[in-house]
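In what follows, a single structure is set out as structure tokens and then discussed.
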Amino acid sequence: MTTPQRTPSLRLVMLLRVSTAGQLDGYGLDAQEKDCRKWARSAGPALGGVRIIKVCPDGGITGKAGDDERPGLAEALQMIADGEADGVLAPNLDRIARQLTQQEAILSVVWARGARVFTADRGEHLPDDESDPMRTFVRMVTGAAAQLERGLIAKRLRGGRKSKASGGGYAYGAPAYGQRAEDKALTVDSDEAAVLAQMHAWKQESISIRGICDRLNEQGIPSKRGGQWHPTTVARLLNPDARAAARQQSAQARAAEREQQKRQRADRILSRLT
């Protein structure tokens, strides 16, 4: 009697992710893994068996990180490229990537290797098919909706912090020189306030910014962070326009850096196709 051949179990890499910004929905790594294993037990028989061969978590990863800055994702993709895994399993597409463009690039990489993509909330995500454009449309709309929801939540949080700050409350960031945080509220730091008053007095005496900086350092007065004073720091404290210009310049630099990171991230992920 011939023994029927048994279909090998699907070898899946479990991909989990949380960010440094904190899980707004409380969906941590443990809960994600529990949902994935529950799906594997439930769907396994219909798929001829599912075997989780590796759990690749990306814990404490910022949303700005590219694929090469996510060791869990990088390891999962490498296992697929080496033929050690048949696909990936994630709690949902949102945990594969935070941005829709990155999500689509990663899915393309996995499918290009002949591997499969599963999520605990929706099962298998089939590769794009010209005969079924609705498949791609639904996936991308779902991803775009999730990205929009995250953006709206982040916007509300930023708005709340700005509103609190405009009312004199301590919302975020390091307190300005002359202030300190106490019981989640800003209060006057008497020592720093006295130094700030002295700086303004020197300015009234027509002492230059560099001269004020030198006096502070010569007297051993530490800066906010405990180091030496620099002319730019003194100028920002004594000139509100300089502070506003510096904030605007920093915001522009951060925006340019974010755009550059997005382009580099897309280039790195798509390079895996070649």
Side-chain angles (χ1 to χ4, degrees), residues 1-19 23 25-61 65 67-68 70-100 102-143 145-146 269-270 272-274:
M1 182 176 179
T2 304
T3 303
Q5 285 189 326
R6 182 179 179 183
T7 303
S9 298
L10 275 175
R11 301 167 301 167
L12 299 183
V13 180
M14 188 188 300
L15 190 58
L16 314 174
R17 180 183 66 81
V18 293
S19 69
Q23 284 307 127
D25 54 8
Y27 197 29
L29 294 177
D30 291 343
Q32 293 177 36
E33 181 173 352
K34 181 179 179 180
D35 286 347
C36 286
R37 293 193 180 279
K38 180 179 179 180
W39 175 88
R41 290 192 299 268
S42 175
L47 294 170
V50 170
R51 183 159 53 96
I52 306 298
I53 61 173
K54 183 78 174 182
V55 178
C56 295
D58 280 321
I61 301 296
D67 69 308
D68 59 338
R70 290 178 53 187
L73 173 62
E75 183 179 9
L77 294 179
Q78 189 61 54
M79 292 180 68
I80 289 173
D82 293 340
E84 298 175 2
D86 302 312
V88 297
L89 168 62
N92 50 52
L93 288 179
D94 181 45
R95 305 302 158 169
I96 291 179
R98 177 173 163 179
Q99 299 291 333
L100 177 60
Q102 190 178 15
Q103 166 193 297
E104 292 301 299
I106 293 171
L107 294 180
S108 297
V109 170
V110 175
W111 289 329
R113 297 288 184 178
R116 302 167 71 175
V117 178
F118 300 89
T119 60
D121 65 337
R122 294 183 181 273
E124 183 170 11
H125 295 265
L126 299 174
D128 294 339
D129 186 344
E130 292 182 356
S131 65
D132 186 11
M134 186 60 71
R135 177 190 304 172
T136 304
F137 174 77
V138 171
R139 184 185 70 245
M140 296 187 71
V141 167
T142 302
I269 295 177
L270 293 176
R272 295 179 182 274
L273 290 169
T274 59

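Only this structure's heavy atoms are used, side chains among them; waters, hydrogens and symmetry mates stay out.
Closest of all the heavy-atom pairs between Val50 and Gly44 is CG2-CA, 3.8 Å. Residues Ala76 and Val88 approach most closely at CB-CG1, 4.5 Å, considering heavy atoms. Shown here for Cys56 and Gly72, the closest heavy-atom pair between the two residues is CB-O, 3.3 Å. Closest of all the heavy-atom pairs between Ala115 and Ile80 is CB-CG2, 3.6 Å. Of all heavy-atom pairs between Pro133 and Ser131, the closest is CD-C, 3.6 Å.
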### Message
Pair Arg113, Leu77 - check side chain to side chain contact (heavy atoms under 4.5 Å, CB included), show working.
### Response
CA-CA 9 Å; Arg113 297 288 184 178; Leu77 294 179; over 6 Å; no
### Task
Might you work through the side chain to side chain contact (heavy atoms under 4.5 Å, CB included) test for Leu12 and Ile53, ending with a clear yes or no?
CA-CA 6 Å; Leu12 299 183; Ile53 61 173; over 6 Å; no
### Task
Might you work through the side chain to side chain contact (heavy atoms under 4.5 Å, CB included) test for Thr119 and Leu89, ending with a clear yes or no?
CA-CA 5 Å; Thr119 60; Leu89 168 62; 5.6 Å; no
### Check against side chain to side chain contact (heavy atoms under 4.5 Å, CB included), Val55 and Leu16
CA-CA 8 Å; Val55 178; Leu16 314 174; 3.9 Å; yes
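Taking the side-chain hydrogen bond (donor to acceptor under 3.5 Å, both in side chains) definition, one finds that Asp128 meets it with Thr136, Arg139, sequence neighbours left out. Every residue meeting the side-chain hydrogen bond (donor to acceptor under 3.5 Å, both in side chains) condition with Arg37, not counting sequence neighbours, appears here in chain and number order: Glu33.
Counting only residues at least two apart or on different chains, the side-chain hydrogen bond (donor to acceptor under 3.5 Å, both in side chains) pairs with a member in residues 79-88 are Arg11-Asp86, Gln78-Asp82.
Taken to the nearest 0.5 Å, the CG atom of Asp121 stands 7.0 Å off from the CG atom of Leu93. Atoms CZ and CD, on Arg116 and Glu124 in that order, are 4.0 Å from each other to the nearest 0.5 Å. To the nearest 0.5 Å, the span separating CG on Leu73 from CD1 on Ile96 amounts to 9.0 Å. Of the inter-residue distances, the one linking Glu104 atom CD with Leu100 atom CG reads 5.5 Å to the nearest 0.5 angstrom. If you take SG on Cys36 and CD1 on Ile52, they are separated by 7.0 Å, rounding to the nearest 0.5 Å.
Side-chain contact between Leu10 and Arg51 is absent, with no heavy-atom pair separated by less than 4.5 Å. For the pair His125 and Trp111, the minimum side-chain heavy-atom distance is below 4.5 Å.
Of the candidates Gln103, Gln32, Met14, Gln32 is the only one forming a side chain to side chain contact (heavy atoms under 4.5 Å, CB included) with Arg95.
There is no side-chain donor-acceptor pair under 3.5 Å between Tyr27 and Asn92.
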